[in-house]
Amino acid sequence: MNYEELLLYLDIDTPDDFVYFEAMADLIECEDYIEQEALDALFSGADNEMTAQLIDEYFEEVMNGLPDDSAEIYTLLDQIKMCLEGLVTNAETEHDMRMFASELYRFRCWYSEESEVEVIPEDDSIGEIMCLRDAITCARMERLGGDSYRYSFENALNYEIDGYTMSLSELVNLTEDEGTE
């Protein structure tokens, strides 16, 4: 999917319109191939603060959908969320935005394609391997009265977080923000 097709898919006219939770969810959960250049163009024109907020909202929704006994995958997703938020919040140059878009692209591929979660019915019938996105959807359906499953996230913990680190000024700002709440 190229840039024009991506805007059409997200039902927005320009990157300035990338302000809704649904657009972030559609982008991350899209099953179609999205060109890296399309993501670069989208995020180079989108508002960084709004994008960080959408990432936070999306990841909170995803993590709330996890089964209760999934602390390791929860922690990994929280780290990915903080990395993505940090990258976009502190992006000042075109190169910084490309780094963010690249990391989001890598996350999308892992989350919707490469991750492997074993989902085993409670009746011990044969389970299946699905991507993390689909396993979380299954867990949400279970909460709505669907079939019961056990989830093994062990093989989905293979996501390497790139070397984003917080600067001293970010840490000071974070500490000041927490102190005022």
Side-chain angles (χ1 to χ4, degrees), residues 1-66 70 73-117 119 129-144 146 153 156 158-164 170:
M1 181 179 308
N2 65 29
Y3 175 66
E4 290 79 23
E5 294 167 331
L6 178 60
L7 292 179
L8 187 62
Y9 175 78
L10 296 175
D11 196 25
I12 59 177
D13 296 322
T14 69
D16 289 332
D17 298 330
F18 190 74
V19 295
Y20 298 106
F21 173 86
E22 292 79 14
M24 180 62 78
D26 288 347
L27 175 68
I28 291 176
E29 297 174 3
C30 179
E31 292 187 12
D32 295 337
Y33 171 76
I34 300 174
E35 295 174 358
Q36 176 69 50
E37 295 78 18
L39 291 177
D40 291 345
L42 173 66
F43 290 116
S44 68
D47 179 73
N48 292 9
E49 190 174 312
M50 176 55 68
T51 301
Q53 180 180 338
L54 293 173
I55 288 169
D56 182 66
E57 291 172 3
Y58 180 78
F59 273 84
E60 289 302 317
E61 180 71 22
V62 165
M63 294 184 310
N64 286 335
L66 289 169
S70 50
I73 197 72
Y74 183 96
T75 300
L76 177 61
L77 287 169
D78 193 48
Q79 291 172 341
I80 295 168
K81 175 186 81 158
M82 287 188 296
C83 175
L84 290 170
E85 285 178 338
L87 286 169
V88 73
T89 299
N90 296 295
E92 296 177 354
T93 66
E94 189 175 314
H95 173 74
D96 294 341
M97 284 310 296
R98 278 196 310 272
M99 283 180 47
F100 164 73
S102 177
E103 189 62 26
L104 185 67
Y105 178 85
R106 196 168 73 84
F107 170 73
R108 281 187 67 251
C109 291
W110 171 79
Y111 181 67
S112 298
E113 298 170 19
E114 299 165 3
S115 58
E116 295 182 353
V117 178
V119 179
I129 303 294
M130 55 182 70
C131 68
L132 183 57
R133 177 198 63 204
D134 295 346
I136 292 172
T137 300
C138 192
R140 284 189 176 129
M141 295 299 295
E142 183 177 345
R143 287 185 178 159
L144 296 173
F153 294 99
N158 61 349
Y159 188 87
E160 294 280 330
I161 296 178
D162 278 354
Y164 174 75
E170 288 176 272

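Between L76 and A156 the shortest heavy-atom distance is CD2-O, 3.9 Å. Closest heavy-atom contact between T14 and L7: C-CD2, 4.3 Å. Here the closest heavy-atom approach between residue P15 and residue G45 is recorded as CB-C, 3.3 Å. Contact record, E116 with I129: CB-CG2, 3.7 Å, taken as the closest heavy-atom pair.
Counting only heavy atoms from C-beta outward, the side chains of V88 and I55 approach each other to under 4.5 Å. Between L39 and E35 there is no side-chain heavy-atom pair separated by less than 4.5 Å. For the pair F21/M24, no side-chain contact is recorded, criterion being any heavy-atom separation below 4.5 Å from C-beta on. Between Q79 and T75, the closest side-chain pair of non-hydrogen atoms falls below 4.5 Å. The side-chain heavy atoms of I34 and L27, taken from C-beta on, include a pair separated by under 4.5 Å. With contacts defined as side-chain heavy-atom distances shorter than 4.5 Å, the pair L66/F153 qualifies. Contact check for Y20 versus L10: no side-chain heavy atoms found under the 4.5 Å cut-off. The closest side-chain heavy-atom distance from L84 to T51 is not below 4.5 Å.
Here salt bridge (charged side-chain N to carboxylate O under 4.0 Å, His left out) pairs that include residues 5-26, with residues two or more places apart or in two chains, number zero.
Between the side chain of D78 and the main chain of Y74, no donor-acceptor pair closer than 3.5 Å is present. Within the 3.5 Å criterion, the main-chain N or O of C131 finds no donor-acceptor partner in the side chain of S115. Formation of a donor-acceptor pair under 3.5 Å by the S44 side chain with backbone atoms of A41 is found in this model. The closest donor-acceptor contact from the side chain of R108 to the backbone of E29 lies at 3.5 Å or more, if one exists at all. Side chain of N48 to backbone of A91: a donor-acceptor contact under 3.5 angstrom is found. Checked by atom type and distance alone, the side chain of S70 never pairs as donor or acceptor with a backbone atom of I73 at under 3.5 Å. Proximity of a side-chain donor or acceptor of D56 to a complementary backbone N or O of A52 within less than 3.5 Å is not detected. Judged by distance alone, the side chain of D134 and the main-chain N or O of M130 form no donor-acceptor pair under 3.5 Å.
The distance from atom CG of L104 to atom CG of L87, rounded to the nearest 0.5 Å, is 10.0 Å. Taken from CE in M97 to CE in M99, the straight-line distance is 11.0 Å, to the nearest 0.5 Å. The structure places CG of L54 at 12.0 Å from CZ of F59, a figure rounded to the nearest 0.5 Å. Interatomic distance, F107 CZ to I80 CD1, rounded to the nearest 0.5 Å: 5.5 Å. Considering CG of D32 and CE of M1, their distance stands at 4.0 Å, rounded to 0.5 Å.
In this structure, E103 does not pair ionically with R98, as no charged nitrogen and carboxylate oxygen lie closer than 4.0 Å.
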* Tell me, with the steps shown, if W110 and L132 meet side chain to side chain contact (heavy atoms under 4.5 Å, CB included). => CA-CA 8 Å; W110 171 79; L132 183 57; 3.5 Å; yes
* Asked: After noting the C-alpha distance and the side-chain angles of F18 and D47, does the key distance pass the side chain to side chain contact (heavy atoms under 4.5 Å, CB included) rule?
  -> CA-CA 8 Å; F18 190 74; D47 179 73; over 6 Å; no
* To do: Decide yes or no on salt bridge (charged side-chain N to carboxylate O under 4.0 Å, His left out) for E113 and R133, but give the supporting numbers first.
  => CA-CA 8 Å; E113 298 170 19; R133 177 198 63 204; over 6 Å; no
* Pair E49-Q53, side-chain hydrogen bond (donor to acceptor under 3.5 Å, both in side chains): steps then yes or no -> CA-CA 6 Å; E49 190 174 312; Q53 180 180 338; over 6 Å; no
* Worked verdict on D40 versus Q36 for side-chain hydrogen bond (donor to acceptor under 3.5 Å, both in side chains) -> CA-CA 6 Å; D40 291 345; Q36 176 69 50; 3.0 Å; yes
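More than 12 heavy atoms of other residues, nucleotides or ligands shown are found within 6.0 angstrom of OH on Y3.
Cation-pi geometry between R106 and Y111 is not satisfied (NZ or CZ under 6.0 Å from the ring centre, within 45° of the ring normal).
Here E4 pairs with nothing under the salt bridge (Lys or Arg N to Asp or Glu O under 4.0 Å) rule; sequence neighbours left out.
In this pair, Y105 and Y33 present their aromatic rings perpendicular. The plane angle is above 60°, beyond the 30 to 60° band.
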